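Step one of this worksheet: look at the structure below.
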There are 2 protein chains.
Amino acid sequence: MSRTFSAPHLVNPETRNRVLACAEDLGYRPNRAARALITGRTHNIGLIIADIANPFFPPLIKAAESQARQRDYHIFIADTNEDPAAEEDLVHALAKQVDGVLLCSPRMSNSLIEQLSREVPLVVINRQVTGLPAVVMDVGQGARLAVEHLTGLGHRELALLGGPRGSWTNREIRRSATAAARTADAALTVLGPNPPTEGGGIAMAEQVRRSGATAVLAYNDLMAIGLIEGLDTLGLRVPQDVSVVGIDDIALSRLTRPKLTTVATPTAAAGRTAVDMLLQHDGSFFARAGRGGGRTTTTDDRRTTAQVTLQTELVIRDSTGVGPAAPADRPGTAAPADRPGAASSADPGSHGHADPGDATAATPEVVAS
Amino acid sequence: MSRTFSAPHLVNPETRNRVLACAEDLGYRPNRAARALITGRTHNIGLIIADIANPFFPPLIKAAESQARQRDYHIFIADTNEDPAAEEDLVHALAKQVDGVLLCSPRMSNSLIEQLSREVPLVVINRQVTGLPAVVMDVGQGARLAVEHLTGLGHRELALLGGPRGSWTNREIRRSATAAARTADAALTVLGPNPPTEGGGIAMAEQVRRSGATAVLAYNDLMAIGLIEGLDTLGLRVPQDVSVVGIDDIALSRLTRPKLTTVATPTAAAGRTAVDMLLQHDGSFFARAGRGGGRTTTTDDRRTTAQVTLQTELVIRDSTGVGPAAPADRPGTAAPADRPGAASSADPGSHGHADPGDATAATPEVVAS
DNA sequence: TTGAAAGCGCTAACAA
DNA sequence: TTGTTAGCGCTTTCAA
């Protein structure tokens, strides 16, 4: 009696118990795929990721999986290797097996995404596509905080280590960093595009030196760490000679020497939120006709395609120090212990905070001498 | 005409083309779930992971996904948060939706795993269960190489930072390290069990110091990195005062200062191999009756339950240096540049190698002065 | 070589 | 409240 599972309240408690007991005995478990065939709801979600091995993604994947399972959904994962063609194939291949797809793929064109969204409900992560639900992290705000932190420390010559061409995130960072530098009356040189990897950072060390910048904001932590390594090879010390700020706050950032000052993006929250948005939409707007007339994806035009923006935070660690134009009442020798922490009132614009998740760290994140 | 897709050779080329053209027009794609209902093969694989965010796993996940997709399979991913109960639930929940499950879960009991394997084909990773296909990395061999490397450098007092209780990997490492230390006539103190995290390493720094060991092998890189951090806080320098070796060679290991000497485990190869083993078994031994008599999992007793062991390698970087009993013809001051690299003939037992995957690194992995 | 029909495990609609 | 039936999209068998 299938009703015991699908509509338990409509069944006589006694009958239900008998069925349940029997099912227990036989080890019976409903076949979700068969159920999906008629209900049109698979209870599966697709998660398409540009590069699983990029340390930025695992926390997002973990959070999405956890949230999905809590709502009785399973996650299909797929890695596109940053290849847009693979992304499209994947969406097609998964379409019939999932109730929706979370798309974390910077490379695909907006128009293609819109087209795919007619085949299967989509939530895009870290980019914005008109008419589609999206969850983005406010890297623009983060970049602004980073620039304000650096100019507040007395840096006047900044560089931005750009990420890959065509990345939504990269555009946001660039736009916002440029604006913030202008406001603070500092110069900002944009270097790039670059591959968003450690190697990309290492390779740019020489150009950073030539640019004359005393402070650098990198597209992500991996590049920042690579840059620090490259600068080290050139004999430039961080933060004494050059300050470096990353973006993402991957786990790695607090394990390098010096510990990286970086813009923390809430990746876990993004994963959870994306799942919630998908399921919310799936429940109301994208419901499929279970029977009669085949599979109809009702893409209601009045749907509220919420675009959630998650806040970012500046985490100040050890890779940033005072610059040449530091206020006179501070020591000019950019020794790490001398630099003002963002938590001090002297630097109101930075919104910095000691990293709360680092209870085991041996040294405090923000050193206010 | 479904035959066009399932048995193209049995169909008139002209008809086939007409069907194909039509399908193209309509954007038709076969529904794999419906197909699975009758064929009994879902073309899905479950991948159950203890902790996705642990940097050890993403390369494995990525490789497994890539290999699976190449063979036209999709991957369900699930994170158990190191919780054995979750592992069992997950296997049950996924059983009907997959053709097999890759189990990367150190916590479950052997008997439970055997029981679950009657419900769905299983391949276990990094442990051995009699009668079940498994792919393990030879951490025993790796631990031996590490101990030989350390004793070759003149260390006589070693410590082993153990991992979690009940871990198969942990037992292997312990067994092998103990044997290797005995052979080399060195003392080895086992400290633990510990959580396999950075925090676990930090917390043990004090005990390591008290143990008097001049060289430490850690259960994994995360712990090794934590230990280095903890030792640093205590004023002990690595490798000058204490040598530290990790296990896994996670990406992070070459980005810390000092770069970590570690036992590289072939995680990507493990992911690929596990998929191959599952599909091989699935094709021959675990084929399900498609029709008549319901779903019968033919668990042939004569099945070849191959247990593949993948070799590990010692990667010598900067966290190991000469110890107190170093041969007289070498400088006794354990400055990094002075220590003999494994590549030198003076240290035949270590099998060390310069890391091949690190083409962009600014400094060579093995410094032979 | 092709069409027709049965049925995989399940749910939804309709009767009883 | 429960039994019965049709049919989700597909493959497989059997006839034509």
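Reminder, nothing fancy here: chain letters follow the sequence lines and each chain counts from 1. Not measured: the values here are computed from a predicted model.
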Any side-chain N or O of Thr15(B) less than 4.0 Å from the OP1 or OP2 oxygen of dT1(C)?
no
Over all strands shown, is Arg29(A) touching base, sugar-phosphate only, or nothing at heavy-atom distances under 4.0 angstrom?
sugar-phosphate
Rounded to whole angstroms, how far apart are OH on Tyr28(B) and P on dG9(D)?
10 Å
Could you tell me the separation between the CG atom of Leu37(A) and the P atom of dC10(D), rounded to a whole number of Å?
9 Å
Is the count of non-hydrogen atoms from other residues, nucleotides or ligands lying under 6.0 Å from Arg71(A) atom CZ greater than 12?
yes
Do you see a donor-acceptor pair shorter than 3.5 Å between the side chains of Ser105(B) and Glu87(B)?
yes
Spacing of Arg32(B) atom CZ relative to dC10(D) atom P, expressed in whole Å
12 Å
Between His9(A) (NE2) and dT2(D) (C1'), how many Å, whole number?
15 Å
With distance as the sole criterion, is a donor-acceptor pair present between the side chains of Thr309(B) and Asp138(B) under 3.5 Å?
no
Rounded to whole angstrom units, what separation is found between the CZ atom of Arg35(B) and the P atom of dG7(C)?
21 Å
If you check the Asn12(A) side chain, which of dT2(D), dT1(C), dG9(C) turns out closest?
dT2(D)
When the distance from CD1 of Ile38(B) to P of dA5(C) is rounded to whole Å, what number comes out?
16 Å
Using atom CG of Asn31(A) as one end and atom P of dG9(C) as the other, report the distance to the nearest whole Å.
8 Å
In whole Å, what is the span from the CG atom of Leu10(A) to the C1' atom of dG3(D)?
15 Å
Toward the 5' end of DNA chain C, by each residue's nearest nucleotide, Arg18(B) or Ala34(B)
Arg18(B)
Sub-3.5 Å donor-acceptor pair from the side chain of Lys62(A) to the main-chain atoms of Asp51(B), do we have one?
no
Suppose we call a contact any N or O donor and acceptor under 3.5 Å apart; does that hold for the side chain of Arg3(B) and the base of dG3(C)?
yes
